[in-house]
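Please read the structure below before turning to the comments.
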Protein chains: 2
Amino acid sequence: MTITLSTHDIAAEELPLEEQAYRRLRQALVEGVFTPGEKLSIRRIAEALGTSPMPARTALRRLATEQALDALPSGTVLVPRLTRAAFQEVSAIRAELEPLAIRLAAGRVDAGTLDALAAVVAEQDAARAAGRPELCLQKDREFLFGLYRRAGAPMLLGIIEALWLRRGPLFWEARWIVMGSPPEAAHRHGPILAALRRGAGEEAARELKAEIERMTAFLSGALQFEGEAPARPRAMRARA
Amino acid sequence: MTITLSTHDIAAEELPLEEQAYRRLRQALVEGVFTPGEKLSIRRIAEALGTSPMPARTALRRLATEQALDALPSGTVLVPRLTRAAFQEVSAIRAELEPLAIRLAAGRVDAGTLDALAAVVAEQDAARAAGRPELCLQKDREFLFGLYRRAGAPMLLGIIEALWLRRGPLFWEARWIVMGSPPEAAHRHGPILAALRRGAGEEAARELKAEIERMTAFLSGALQFEGEAPARPRAMRARA
DNA sequence: GGCCGGTCTTTGTGATCACATTTTTACGGT
DNA sequence: ACCGTAAAAATGTGATCACAAAGACCGGCC
């Protein structure tokens, strides 16, 4: 099976091939093009990218460095399958850093930005109502990162992106479960926006932290992780 | 001027050259082998490493990806000079993540480990008294990372390491100032250890957060950052 | 039928080369 | 002495090649 990697608006400028490869792979990861556990071989990626193996190799290495991909001791690289512990670790880090980003952003957003973000929230709700999980997740990202970018903290933004990158494949695979989360756990960003409008950055940060923790708790129970027995079918103990 | 990169205990096993290059550069960065602003060219590093340019290129790229090095648009890579804003950003992230690591580690350390860490603290105090800043900073790292490693959170550890990597060259250059910080700002890890012995992880985390914030406040005032006029010599406004 | 051994393929690694671009150096004019 | 320009050196990028190790596949043997 040959894979296709969208060019989107990345190759627009005259960036080095390696940088293009990096960005396209990054986006493909977020978009769920790859399945958790899938092996990504240098030559195959290079072919999909239409380049020599060299840029693909560098790009894969970079992704592996920021833990967006797992590297086997043999050097082979694959899309990570989050274990339960890893998922909870990512969540714990997010629960610290993303509220920080909100606090930093709080003092810098203007009313126009907040209006634009309110529109995104509305679109997200519409997508949820329409039963379109991929759109719903996309709007979720759009809202949060729209805010994080306003924090004026490039390093922080990069770290948060890396965390999402790692969580990406799992969320994509489980997108129906994620979207079907009960109201008390769902990402409803209304309260955050309201707090920001009041200039209450600290409160908005607390709200987001609670949101992340609620969703983590829900998914910890609802998701089936790597190496764990399927939830429903009882017993069925025999396995190779 | 030719640079020398210590092999230390890195090349011990049969790791890929690229991985060795990556680790040696990483360590060199922490050890202050490079000056902030210094340009690191692929071929020069390759020569210092005794390899072809290829492993050096990949290693430098990886370091640049995790922001341990800055990349010019031309592709040239250099040791970052922290601006005041960047320093404060790193500190803010540290103030969130390192206490988290302490909380996670609190439930997993045994008495033996705490004893070993107490010895490190004693060594650090001795180094400070002896006026040996490099040893003092090394012991500081040893203590904190000894703890962080116990958190059992590999991703968190990787992120924290990356933050220290970025802060490394600045701290090294300013090591006399760092070590000469007043008692109320200095890194005194006694209280943290005491809290951990009582099993009060939350308290230890608060203690560390306060420590980081105190040191940040002190250095923000004491350090001279990139692009800022020297503190003492007044006026001297004329410049090219 | 299941397990083992060998072969053939695929994979990652690293070196070398060619090329375009940037950066430095040196020179000549003002 | 200063500055702009051209020549020269150095630099990053990417392709290709050779090699060793890991993996897949197939046939034969117990």
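Quick caveat: nothing in here was measured; it's all calculated off a predicted structure. Letters A, B, ... are given to chains in the order of the sequence lines, protein chains preceding strands, and every chain is numbered from 1.
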* Structure fact -> In the 5' to 3' direction, the nucleotides of DNA chain C bounding the stretch that comes under 4.0 Å of a heavy atom in chain A are C:dT11 to C:dA15

* Structure fact -> salt bridge (charged side-chain N to carboxylate O under 4.0 Å, His left out) filter on A:R167, not counting sequence neighbours, yields none

* For A:T113, check side chain to side chain donor-acceptor pair (under 3.5 Å) against everything at least two apart and list the hits. => A:D110, A:R150

If you restrict it to nitrogen or oxygen atoms, what contacts under 3.5 Å exist between nucleotides 9-13 of chain D and the protein, and what is each distance?
from   : atom 1 : to    : atom 2 : distance (Å)
D:dG12 : OP1    : B:I42 : N      : 3.4
D:dG12 : OP2    : B:I42 : N      : 2.9
D:dG12 : N7     : B:R43 : NH1    : 2.8
D:dG12 : O6     : B:R43 : NH2    : 3.3
D:dT13 : OP1    : B:R61 : NH1    : 3.1
D:dT13 : OP1    : B:R61 : NH2    : 3.0
D:dT13 : OP2    : B:R61 : NH1    : 3.2

* Asked: Taking for each residue the nucleotide of DNA chain D bearing the nearest heavy atom, is the 5' side occupied by B:M54 or by A:K39?
  -> B:M54

* Not counting sequence neighbours, which residues clear side chain to side chain donor-acceptor pair (under 3.5 Å) with B:R26? List them please. => B:Y22, B:E66, B:E161

* To do: Not counting sequence neighbours, which residues clear side chain to side chain donor-acceptor pair (under 3.5 Å) with A:E18? List them please.
  => A:R62, B:R61

* Asked: Listed by chain and number, what are the salt bridge (charged side-chain N to carboxylate O under 4.0 Å, His left out) partners of B:R57, not counting sequence neighbours?
  -> none

* Who pairs with B:T58 by side chain to side chain donor-acceptor pair (under 3.5 Å), at least two apart in sequence or on another chain? -> none

* Those residues that, when tested against A:E89, pass salt bridge (charged side-chain N to carboxylate O under 4.0 Å, His left out) (two or more places apart) -> none

* So A:Q88 and A:S220, side chain to side chain donor-acceptor pair (under 3.5 Å) or not? Walk me through it. -> CA-CA 8 Å; A:Q88 286 172 347; A:S220 289; 3.2 Å; yes

